[in-house]
Number of protein chains: 2
Amino acid sequence: MNMKRPRRPLTLRDVSEASGVSEMTVSRVLRNRGDVSAATREKVLTAARTLGYVPNKIAGGLASQRVNLVAVVIPSLSNMVFPDVLGGISAELDDTGLQPVVGVTNYSPSREDAVLYDMLSWRPSGVILAGLEHSRAARAMLDNAGLPVVEIMDVDGEPIDTAVGISHRRAGAEMADEILAAGYRRIGFIGTHMPEDHRARKRLAGFEERLGEHGLQLAAREYYQGGSSLHKGRELTERILTREPDLDFLYFSNDMIGAGGLLWCMEKGYDIPGRLGLAGFNGVELLDGLPMRLTTTDARRIDIGRRAARIVAGKEPRPESGIIALAPTIMPGETIRKH
Amino acid sequence: MNMKRPRRPLTLRDVSEASGVSEMTVSRVLRNRGDVSAATREKVLTAARTLGYVPNKIAGGLASQRVNLVAVVIPSLSNMVFPDVLGGISAELDDTGLQPVVGVTNYSPSREDAVLYDMLSWRPSGVILAGLEHSRAARAMLDNAGLPVVEIMDVDGEPIDTAVGISHRRAGAEMADEILAAGYRRIGFIGTHMPEDHRARKRLAGFEERLGEHGLQLAAREYYQGGSSLHKGRELTERILTREPDLDFLYFSNDMIGAGGLLWCMEKGYDIPGRLGLAGFNGVELLDGLPMRLTTTDARRIDIGRRAARIVAGKEPRPESGIIALAPTIMPGETIRKH
DNA sequence: GCGGGACACGATAACGGTAACATGATTGCG
DNA sequence: CGCAATCATGTTACCGTTATCGTGTCCCGC
């Protein structure tokens, strides 16, 4: 089609010359803004199309002082947590002209600072970031930036601007209630050893606190490093049950290792949920196909993404308190006995 | 710390005034470019820090005509394929100052055009996109943009600029070889019905072609719509085996449904791999913890990401042919009998 | 003691758009 | 039929940074 390789990049000027109108008019046509007659609109559009012109948002953003990006800063991609949250965000952003841009911190505060700095240097229209714990530097940056900031996933703490999430303390406590009501008493915990995973920490704290209120405490715990996998779930389950064979319940800090543990226990012929009960956290689709449905807590990931997006997009007002707390809901499954 | 809420956003000028040097010098300090004395460097840095200044890449990009972004355009996030590829890309981009920005097309050509248009409007330094099949418009845009374009995952076709991937035809054919060598003869296929998933299509084509060379053809096939899950794997496996009970092998178009099928078959007490063999595609970590290791093909996702990133970053020259074909490698597992 | 590099920094002009206002042509209405 | 409102387009001045070139100072060797 194009015979010539355009060595000089195309600009509005090229389109304007090709269609015989001013650059301003071309700009208006391309953005559907202001009055332009149907005739010139057509002329401009065909000119732009045949030239293969693509607008320059760098220049546009500078001139208009507006950038249609929303920075989304999250700890990890491999976690099954992420795609759901992002799904909710993009679904809600779709009709707003805003576009999410993702940055990953790997649970490292210094990486978070760096990613945030980088994102803010693009002058986005808003920021969505995971967690309520941020460095002093990060808080300062966000304060200075003067744009909507929504912290997601967690509501146990003091938001910079707005928070949308669940209370992980409550999620832990409610699962403890469930387990205790079913009559389990010798409870073990398996989770990641990540000082920076504040949500997992709070969940466990809420869980233990509730046990305490009933005069109980964890009978055993097992920590692991690095990512979660079925394999690791098996390994740790074997380890904890070898060490403490008379545990009657295992609480896993996420569904992936919970599923691994479940598979291992089934192979070993444990009576589940009679002799041994199991529960995870998250509510991931993966669990749907397992031989037995693992009991878990729905972390409301999609809803969290949606509400956060609605707020940065201005579809929904920031609540007075700055906090939107969704209710974590237990998904019964088959790995806790009925009571 | 900051007592005043700065209503006017900070610019280089603010830092320059606060540190008593010109904006140009501040710019030099912040980018480590050109000669600046240690003394003024220090002055400027502290001024920038205390003000909380964050550079404006919109303005910087316009002035320098350089943007440190690499557009990454892929069909899906939920696929287990994606995080690995992106992991390879960011690992290799990390020390280059380049940053990946991800766009998702949901296997829709028109979405791909839109996403590409959007990405190119940020004038990135390079583009990495999945697949070799693109609309005429997309090819034109990429031709015009005059930047490195690397098409990934697949090498069965004509690249626009450079392609890094595996031959899916070959991957299918080699799995067929493996299955036939083990003596299986009544083979069924389970896969997504997605005309736009060209890689799955080519894999199946290579597979069937090889069967044909041995005078065989697929004894049954089952297609599904939408995303892959363990659950769907179970469902389809049940369906195909009910319909054609004497199949002795099932080839799944990905590991997730393969794993679902495997779990179902094990529950039903099938003798695997004796009576029935199974194989998937991808080589995902998930398989590690299953009761039995599913035979699969490693699609070399991390390597593909790395090589693609190396090329857009200029760490590695574009090959003469424009094609870098990695070898898909079969990961034996336990669901095919030894031969 | 003088010419000429380094060195450290500043002034100026882009970069490619858009906001805001200005302008000429048309239209509607009393 | 005249005047104001409306419509379609153009003009001008930035937006915040960087490339390029220019300027002044210091130091070194002959």
Whole-Å distance between [N] [atom2] and [X] [atom1]?
X: R13(B); N: dG10(C); atom1: CZ; atom2: C1'; answer: 12 Å
X: D14(A); N: dG17(C); atom1: CG; atom2: P; answer: 9 Å
X: L12(B); N: dA11(C); atom1: CG; atom2: C1'; answer: 15 Å

ask   = For the helix from dG1(C)-dC30(D) to dG30(C)-dC1(D), how many degrees between its two end axes (five pairs per end), to the nearest 10°?
value =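 Helix axis angle between the two ends: 30°.
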side-chain contact (heavy atoms from CB on, under 4.5 Å) evaluation trace for L30(B) with Y53(B) = CA-CA 10 Å; L30(B) 264 27; Y53(B) 173 74; 3.5 Å; yes
Contact list (N/O, under 3.5 angstrom) for nucleotides 23-26 of chain D vs protein:
none

With sequence neighbours left out, what residues match [X] under side chain to side chain donor-acceptor pair (under 3.5 Å)?
X: S110(A); value: S108(A)
X: R310(B); value: E92(B), E316(B)
X: R139(A); value: none

Using only side-chain N and O atoms of [X], determine if any of them is under 4.0 Å from OP1 or OP2 of [N].
X: T40(A); N: dA8(D); answer: no
X: T25(B); N: dG10(C); answer: yes
X: S37(A); N: dT9(D); answer: yes
X: Y53(B); N: dG16(D); answer: no
X: Q65(B); N: dA14(C); answer: no

key: Side chain of L62(B) (C-beta onward), nearest among dG17(C), dG16(D), dT17(D)   =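 Nearest nucleotide to the side chain: dG16(D).
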Main chain of [Y], side chain of [X]: is a donor-acceptor contact present, judged purely on distance under 3.5 Å?
X: D154(A); Y: V164(A); value: no
X: S125(A); Y: V70(A); value: no
X: Q99(B); Y: N68(B); value: no

Which residues share a salt bridge (Lys or Arg N to Asp or Glu O under 4.0 Å) with [X], sequence neighbours left out:
X: D95(A); answer: K315(A)
X: R318(B); answer: D161(B)
X: K43(A); answer: none
X: D14(B); answer: R8(B)

inquiry  = Once you apply a heavy-atom cut-off of 4.0 Å, does D35(A) come out as touching a base, just sugar-phosphate, or nothing?
reply    =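 Contact class for D35(A): base.
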Table of protein N/O atoms under 3.5 Å from nucleotides 23-25 of chain C N/O atoms:
none

query = Do R31(A) and S27(A) meet the criterion of a side-chain donor-acceptor pair at a distance under 3.5 Å?
reply =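 There is such a pair between these side chains.
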query = So, are D118(B) and K57(A) salt-bridged, with charged N and O less than 4.0 Å apart?
reply =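 Yes.
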Output a table of nitrogen or oxygen pairs between the protein and nucleotides 19-22 of chain C separated by less than 3.5 Å.
from, atom 1, to, atom 2, distance (Å)
dA19(C), OP1, R66(A), NH2, 2.8
dA19(C), OP2, R31(A), NH1, 3.1

inquiry  = Assuming nearest nucleotide by heavy-atom distance, tell me which of A59(B) and S22(B) is located more 5' along DNA chain C.
reply    =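 Between the two, 5'-proximity favours S22(B).
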request  = Would you please name every residue forming a side chain to side chain contact (heavy atoms under 4.5 Å, CB included) with S90(A), sequence neighbours left out?
outcome  =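 Side chain to side chain contact (heavy atoms under 4.5 Å, CB included) check on S90(A) returns L86(A), P100(A).
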